[in-house]
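From a predicted model like this one, the values you see are computed outputs, not experimental measurements. Numbers restart at 1 for each chain; the letters A, B, ... are given by sequence-line order, proteins then strands.
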Amino acid sequence: MKELPKAIDRSIEKKWQEFWEKNNVFTFVLDKKNNKKIFVIDSPPPFTSGNLHMGHVLSYSYFDFVAKYKKMSGWSVYFPQGWDCQGFPTEVEVEKKYGKKSPEEFRKLCIAWTEECIKNMKRQMISLGFCPDWNYEYKTMDKSYHRKVQLSVLRMYKNGQIYRASHPVFWCVTCQSALSKTDTEDIPRSTFLYTIVFDLEIQEKENIKRQIHIATTRPELLHAIVAVLYNPNDERYKEFRGKKLFAISPFGRKVPVYPDLDVDKEFGSGLVMVCTFGDKQDVIWVYRHNLEQIQSITKDGKLLNAGQFSGLPIGQAKEKIIEFLEKNNKIVKKEKIEQTIKIHDRCSTPLELLNSWQWFAKITDKPEKIISVAKKINWFPEFGIAHLINWANYVEWDWVISRQRVFGTPIPFWICKNCSNIVEPSEEELPVYPFGTTRKCPKCGSDAEGEVSVFDCWVDSSITPLIITKWEEDQEFFSRTYPTSLRPQGVEIVRTWAFYTIYRCYELTGIEPFKEILLNGNVLAPDGKKMSKSLGNIIEPDSLIEQYGPDAIRIWAALSGAMAKDRPFSYQDISFGKNFVNKLLNAGKFVYQAHLKFGKELSNNLKKEDLSSLRFIDKYYLTKFYYLVKKVEDYWANYEFHHIIKDISNFFWHEFCDYYIEFVKYRLYGQGDELKAKQASFVLFEIYSNTLLLLAPFIPFSSEEIWSVFKENENKSIFEESYPSSQNLSSLKFFTKEELEKYKIFEQIVDLIKKEKTAKGLKLTHPTAKLTIVCEEKTLEILKNFEQDILKTFNILEVEYLISKDLAVRIN
RNA sequence: GGGCCCGUGGUGGAAUGGCUAACACGUCUGCCUUACACGCAGAAGAUUCUGAGUUCGAUUCUCAGCGGGCCCACCA
């Protein structure tokens, strides 16, 4: 007999990865005859950081399970994989490495850098047994991708969904550049709160004038005041309600006074002056109340439109203005307070909100439309849609889709220097790279300059369902694959990725982009905290693959559940996975040896007739297995991976191994009944392994010798076979569920025997003369069916039954 | 401050309007029993966050409180 392996042979991983790739096992081919149902997975393109993180491993495992399950269930599965390349972190890394460069050169370096990152991430995916279809790989930095992004925006522009407008952005007056949130840092500082006297004009039958007090930390923005707000629930200002009011600033500016629930009654006098722009709340209020916008500060930090104070730097201006107000007795109070402000993380300059020209997509005008489209989608779990609804109703201003960066999809427009007319390209010439180019303005004939900004990266990623289905590229392919079947993604990006995708794809096609959305949570560090570099608690997939193997990692992922819930990484689960892999190898060895001992003649043609002559105990476990498969079908339908792995591993380990194999041993090693024992164990093991290989695709091949027996055709991928279903396993159902329940008493008796023997310090197979079973008459009838198996397995000579209501066993 | 999620043995986590609340890891006891010590057999360990309510009965449903997480906003 051949020496069987003591441990898992890890070299088989590589072999099978190559086999699947070479034989195009997971390659999607559009079936022109329309025979098979198509299942399309709109899988997330990971940001190309260079390494997968555990969150990727978790979620990519999920939809890899689904892809394989659907494939083995008779679907034609289309499972492409993309890469989200253009992002700020890449720019930071590349700049760190190469320093400042011209935009053209910088872009090239970013692309080269990203290609390297993709290489490594792809390697990691393959080593985890993920099987996306690499023939349809896409990158958001590709020209073909740029074309579709630009086309999609151009179409939306023509439909009036995209517009250019002035909008405040965070601006550093020292570096003179726009900043994104990631460039900013919050720091506490102490400052002074000045309470300033304003005049109030109440327009009634006769105009009434009086004074009001308004507190502010930024008197230097007084010239840019556009409104004064009060809380309508504030008793002090109840006389304001429903009246037409105006406030007049110490500089003589007259602005309206409105009620607003966001005003904090406790702060200052309960009245707020809205300036353009003191902070982000001002931006919200300006849009909400449709207020005027005044350019208050220049790009290099000097006051603008401020009368005698114009041209002064912010700091100086503040001093002078306070001086002026004090001289005129307009300041009634000055108190020290602590506040938090945003600064630029590189130069520590406090940020200003300055107006600049930006591009927008209209998302605020009809939230109910986006919500109704989202409602057509099946959400797993259901509460996920609440994030989207809440966001859609809450969002205060339109989506700013332009970014002042380099490594991004260029915005395909030119702006006329003379008349500000927007010059658009034709659809045929896309992609275009307007940066540094000019076109003639068709309206006035002047030069129009190419837009230098690029798109927000969500503009890129919000059309992945269109990209993978070949929208505006291959009409037949598109019509067969769109809408996609499943969008898997993180719960924390519902309001970005899911929201923008639903909005954009619906605007462009009139159809929702996917039928189902599956939300996963994040993987936390084992201590329950967020994984972060600073805490040093990051777990790298590579070291886990090395230490535990891909199957164990995938079992960990399945055990982590499908709900959109954060979970600490669990070494317990992954070591369970590893032990489980080993258990399966050993069970395989046992069945294989039994097979060799008996001979080969029955190996691959197990018929229903063979099964019908089985012993009672064989039928009992085969039936149990049938019901397991049936139950697991429902779990698959609801993406309940946790239950799937739990149930199939428990059945395998604690029913098949702990009970069935033990009860079958005496028959295989002894004499008389080998055939039936082998048949049943063989059937169970083979079908079982097929249920498992979606979750752990390498386990069933972990020993070549063993698997050569079970899987006859080396050249055929096991993924071509069909997934065990209750329908095609119906021949294994010998008993009804009720009967099965009744027969469970057998297991109780077995447990009692084990307990008894253990209590007496005996081995389970220690020779025993007599077993006495105390039970009811009904039970006796059932136990008769298992009697032989019990006696032989526990090495007992004879059995006697005593009829009683109690259940007990004795051993002599 | 707003929206959503969650609070179950030492740890991680299932499930259910009602039989002794899964399972895994860990712990303790005994076994290297002819597939497996990455194993086998047995055992201990839970007032299911707190309080009130609905109910014949709640861990499960409702409300309040306390605590944690995610996303958003954050003080003129």
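Base pairing of B:A21 is not made with any nucleotide, judged by Watson-Crick or G-U wobble geometry with both donor-acceptor distances under 3.5 Å. Across the strands present, B:C4 finds its partner in B:G69; the criterion is a Watson-Crick or G-U wobble pair with both atom distances under 3.5 angstrom. In this structure, B:C38 makes no Watson-Crick or G-U wobble pair, since no nucleotide meets both defining distances under 3.5 angstrom. Figure legend. B:A14 is base-paired to no nucleotide; pairs are counted as Watson-Crick or G-U wobble with both atom distances under 3.5 Å. Pairing for B:U27 is with B:A43, a Watson-Crick or G-U wobble pair whose two hydrogen-bonding atom distances lie under 3.5 Å. In this structure B:U62 sits in a base pair with B:A52, meeting the Watson-Crick or G-U test at under 3.5 Å.
Rounded to whole Å, the separation between the P atoms of B:G3 and B:A43 comes to 50 Å. Nucleotides B:C25 and B:G69 have their C1' atoms positioned 23 Å apart, rounded to a whole Å. Across the C1' atoms, B:C6 and B:G45 are found 25 Å apart, a figure rounded to whole Å. When the P atom is used for both B:U48 and B:G7, the distance is 14 Å, rounded to whole Å. For B:G17 and B:G53, the C1' atoms lie 15 Å apart once the distance is rounded to whole Å. Between B:U34 and B:A24, the two C1' atoms lie 29 Å apart (nearest whole Å). A distance of about 9 Å separates the C1' atoms of B:G39 and B:C32, rounded to the whole Å. Between the C1' atoms of B:U27 and B:C66, the separation comes to 32 Å (whole Å).
With distances taken from any side-chain atom of A:Gln281 to the nucleotides B:A73, B:C25, B:A22, the minimum falls on B:A73. Counting only heavy atoms from C-beta on, A:Phe267 has its side chain closest to B:C75 among B:G12, B:C75, B:C4. Distance from the side chain of A:Lys565 is smallest to B:C6 among B:C6, B:U11, B:C31. The nucleotide whose nearest atom lies closest to any side-chain atom of A:Glu492 is, among B:A22, B:C70, B:C4, B:C70. Comparing B:G39, B:A73, B:U33 by their closest approach to the side chain of A:Lys763 singles out B:U33. When distances are taken from the side chain of A:Gln572 to each of B:U11, B:A14, B:G39, the shortest belongs to B:U11. Taking only side-chain atoms of A:Thr216, from C-beta outward, the nucleotide of B:A76, B:G42, B:U33 with the closest atom is B:A76. Checking B:G69, B:C4, B:G13 against the side-chain heavy atoms of A:Asp566 singles out B:G69 as nearest. The side chain of A:Ser570 lies closest to B:G12, out of B:G13, B:G42, B:G12. Side-chain proximity of A:Asp658 to B:C75, B:C40, B:C25: nearest is B:C40.
Here the two rings, on A:Phe47 and A:His53, have centers that are 6.0 Å apart or farther. Checked against the 6.0 Å centroid criterion, the rings of A:Tyr659 and A:Phe746 do not qualify as a close aromatic pair.
Atom pair A:Trp653:CH2 and B:C40:P shows a separation of 6 Å (rounding to whole Å applied). Rounded to whole Å, atom C1' of B:G69 lies 10 Å from atom NZ of A:Lys530. The distance between atom OH of A:Tyr635 and atom P of B:C23, rounded to the nearest whole Å, is 14 Å. Distance, A:Ile648 CD1 to B:A24 P: 15 Å, rounded to whole Å. Following rounding to the nearest Å, A:Ile284 (CD1) and B:G2 (P) show an atom-to-atom distance of 15 Å. When rounded to the nearest whole Å, the span between CG of A:Leu585 and P of B:A37 equals 11 Å.
Proximity of A:Arg567 to the phosphate of B:G12: no side-chain N or O atom is located under 4.0 Å from OP1 or OP2. Look at A:Asn586 and you won't find any side-chain N or O under 4.0 angstrom from OP1 or OP2 of B:G39. Contact annotation: A:His642 does not reach the phosphate of B:A24 (side-chain N/O to OP1 or OP2, under 4.0 Å).
At a threshold of 4.0 angstrom between heavy atoms, the contacts of A:Lys755 are confined to the sugar-phosphate backbone, with no base atom among them.
Classification of the A:Phe240-A:Tyr230 ring pair by plane angle, with boundaries at 30° and 60°, yields perpendicular.
Taking all atoms of both residues into account, the shortest heavy-atom contact from A:Phe277 to A:Ser296 is N-OG, 4.2 Å.
One N or O donor and one acceptor, one from the side chain of A:Lys583 and one from the base of B:C36, sit under 3.5 Å apart.
Using a 4.0 Å cut-off between charged side-chain N and carboxylate O, A:Arg218 and A:Glu352 make a salt bridge. Taking the charged nitrogens against the carboxylate oxygens, A:Glu741 and A:Lys744 do have a contact shorter than 4.0 Å, which makes a salt bridge. One finds no salt bridge joining A:Lys754 and A:Glu662 here, because no Lys/Arg side-chain nitrogen approaches an Asp/Glu carboxylate oxygen to under 4.0 Å.
The closest side-chain donor-acceptor pair between A:His654 and A:Asp658 falls under 3.5 angstrom.
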